[in-house]
Amino acid sequence: MQHFPIFVALAGRRVVVSGGGEAALAKLRLLLKTEARVTVFAADPHPDLAALAEAGKLTLHRRAMQPGDALCAVLFYAADEDAAQDARTTALARADGALTNIVDNLAQSQFITPAIVDRDPVTVAIGTEGAAPVLARAIKADLEARLPATLGRLARIGKAFRKMAEALPMGRARRDFWRDYYFRTGPRMADAPDSTVEGALDGLLAEHLDRQSRKGHVAFVGAGPGDPELLTLKARRALDEADVVIYDRLVGKGVLELARREAIMVNAGKEGFGPSMPQAQITATIIEHARAGAQVVRLKGGDATIFGRLDEETEAVSDAGIDWHVVPGITAASAAAAAVGQSLTSRGRNDETRFVTGHDMKGFADRDWASLAQPGEVAAVYMGKRAARFIQGRLLMHGAAPDTPVSVIENASRADQRVLACTLADLPQRLDTARLSGPAVLLLGLAPHPALHGTTAPALPQDTHAPAPKPIMELVQ
Ligand code: SAH
């Protein structure tokens with residue numbers, strides 16, 4: 001961060017501007033929104049500037065700046081529209097101790113004025129350190145559209161109500177109240193007089209005081225396969241409102257970053273085969289937080305209902321008398337199928353598809369292997385990397401063709417996604433050579449769609465920590 005954003009209290013303080021043309025006027029339009037004491041030095045001022053001086057909005061000196069003119073100024077703007085003159089006046093202002101800005105000269109400026117979304121007293125400042133003014137303008141336009149024009153007024157009325165709202169305990173209860181006001185009740189009363197809005201605030205406070213006895217709740221939320229854009233809107237909302245988020249190892253970093261900043265984050269899982277929080281402890285943690293009244297999000301990779309031990313947790317939470325619900329997510333098999341551009345079912349080929357776990361395959365009955373070995377069968381094997389050799393042996397033994405396609409999709413949907421196009425015959429060797437370290441799904445019976453060869457995975461701007469995207473197909477034959 002080259003520029004540190006701050007908001008400067010300007011009421012009653014001195015700001016000096018040198019220059020009397022358009023550049024100076026543009027700065028003055030902003031500065032005059034504040035309560036600063038503005039002084040302008042301009043030998044030949046624009047008539048609008050003279051008019052502002054006559055109206056008592058600023059002090060105008062019709063001469064060039066001299067040493068000492070910027071004494072006691074907090075900020076100084078050089079808007080002379082002439083490089084030599086700007087350099088001269090800036091040097092004078094610096095000598096007088098002001099922080100200086102030269103209009104349209106980022107390199108020589110000690111501070112810059114950001115793009116501003118003004119909903120006074122709510123102000124959003126956007127800066128790109130001069131790197132991308134177009135981007136700053138786009139963000140500004142986006143925020144302008146999103147923040148109701150009435151927000152400033154609501155904030156002013158709300159400010160006077162802050163003391164009253166202290167009747168609610170600090171933390172979630174008070175936050176919920178204000179959220180309701182600013183984003184639900186408030187905007188609906190955009191055209192109402194202040195007194196009506198104040199009355200509504202009273203009513204809202206009574207409603208929230210009533211709601212005080214609200215109980216804790218657990219949302220079992222599917223976080224999807226890793227790409228934050230594959231989160232459902234419901235999952236996003238749950239994360240946004242969570243007091244506590246208890247997450248598994250496979251939940252992507254980009255997803256976790258979407259949780260409410262104040263939320264307590266509990267990591268419940270480490271390596272698949274290594275140490276992780278024991279199930280009983282996870283369940284106990286969920287119950288403990290919910291009993292304390294928290295909105296708990298139990299975040300699981302993919303879909304919570306698939307190989308996620310969901311039922312153990314819902315049973316325990318039910319037994320504890322706590323309310324809960326499930327938010328579905330995109331499971332790894334869906335992301336893997338998307339990665340290879342293939343359908344998990346296909347008319348005339350397979351009218352069923354199976355989600356199986358490599359962990360339990362040793363207990364697979366012979367009839368299961370026999371049916372899986374049929375031509376055209378499709379199965380998604382979760383946690384299947386270690387079981388690959390075993391699966392290969394059983395399927396071949398039950399008559400599967402050695403050239404049956406098997407796609408291995410590692411880190412599906414993530415920036416570091418890899419696809420290995422194998423056959424049943426070479427699956428174990430290919431896995432040995434590839435040394436996959438991330439989670440992977442095996443799609444038995446599916447080869448990557450030929451049309452996807454050479455396509456590259458789209459970059460995931462939200463996961464900047466991930467390595468650069470690799471080609472979607474890594475077809476090492
Ligand atoms: N509930 C999860 C599955 C949990 S079991 C879901 O619905 O996806 C963990 C296994 O899921 C991993 O061993 C791996 O086989 C698979 N998996 C999870 N995320 C994955 C991803 N992004 N890419 C490939 N496989 C993944």
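Just so you know, ligand 1 is whichever comes first in the structure, and atom 1 is the first atom listed for that ligand.
- Side-chain contact check for Pro328 versus Thr232: every heavy-atom pair is 4.5 Å or farther apart.
- A salt bridge links Asp142 with Arg146: at least one charged nitrogen is closer than 4.0 Å to a carboxylate oxygen.
- Which parts of ligand 1 touch Pro225 is read off a 4.0 Å heavy-atom cut-off, strictly below it: atoms 22 (N).
- For Thr331, a nitrogen or oxygen atom sits less than 3.5 Å from a nitrogen or oxygen atom of ligand 1, counting backbone and side chain alike.
- Inclusion of Gly384 in the set of residues having an N or O under 3.5 Å from an N or O of ligand 1 is not warranted.
- Of the residues Ile246, Val255, Val266, the one that meets the side chain to side chain contact (heavy atoms under 4.5 Å, CB included) test with Leu299 is Val255.
- Heavy-atom proximity to atom 25 (N) of ligand 1, evaluated over Leu310, Leu442, Val441, is greatest for Val441.
- Inclusion of Ile330 in the set of residues having an N or O under 3.5 Å from an N or O of ligand 1 is not warranted.
- Listed by chain and number, the residues in a side chain to side chain donor-acceptor pair (under 3.5 Å) with Asp248 are Arg298 (sequence neighbours excluded).
- Using a 4.0 Å cut-off to heavy atoms of Phe307, the atoms of ligand 1 that qualify are 4 (C), 5 (S).
- Below 3.5 Å of separation, one finds an N or O of Ala412 facing an N or O of ligand 1.
- Pairing each heavy atom of Arg156 with each of Pro121, the nearest pair is NH1-CD, 3.9 Å.
- Looking at Asp248, Leu230, Ile306, Leu250, it is Ile306 that brings a heavy atom closest to atom 3 (C) of ligand 1.
- Relative to atom 12 (C) of ligand 1, the option among Gln417, Met383, Arg414 with the closest non-hydrogen atom is Met383.
- Distances below 4.0 Å separate heavy atoms of Ile409 from the following atoms of ligand 1: 24 (C).
- When only interatomic distances are considered, the shortest N/O to N/O separation between Gly308 and ligand 1 does not fall below 3.5 Å.
- Comparing Ala332, Ala304, Pro328, Ser413 against atom 8 (O) of ligand 1, the shortest heavy-atom distance belongs to Ala332.
- Side-chain atoms of Thr314 and Asp311 include no donor-acceptor pair closer than 3.5 Å.
- Looking at Thr357 against ligand 1, nothing comes within 4.0 Å, counting heavy atoms.
- For atom 2 (C) of ligand 1, the nearest protein heavy atom (residue, atom name, distance) is Gly301 O, 3.2 Å.
- Residue-to-ligand polar distances keep Tyr382 apart from ligand 1: every N/O pair is separated by 3.5 Å or more.
- Among the candidates Arg354, Glu352, Glu377, the single residue satisfying the side chain to side chain donor-acceptor pair (under 3.5 Å) test with Ser371 is Arg354.
- At a heavy-atom distance under 4.0 Å, only backbone atoms of Ala440 (N, CA, C or O) approach ligand 1.
- Between Glu166 and Arg162, no side-chain nitrogen of the basic residue sits less than 4.0 Å from a carboxylate oxygen of the acidic one, so the salt-bridge criterion is not met.
- Within a 6.0 Å radius of CG in Asp118, other residues, nucleotides and ligands contribute more than 12 heavy atoms.
- Put simply, the side chain of Ile391 does not reach to within 4.5 Å of the side chain of Val406, judged on heavy atoms.
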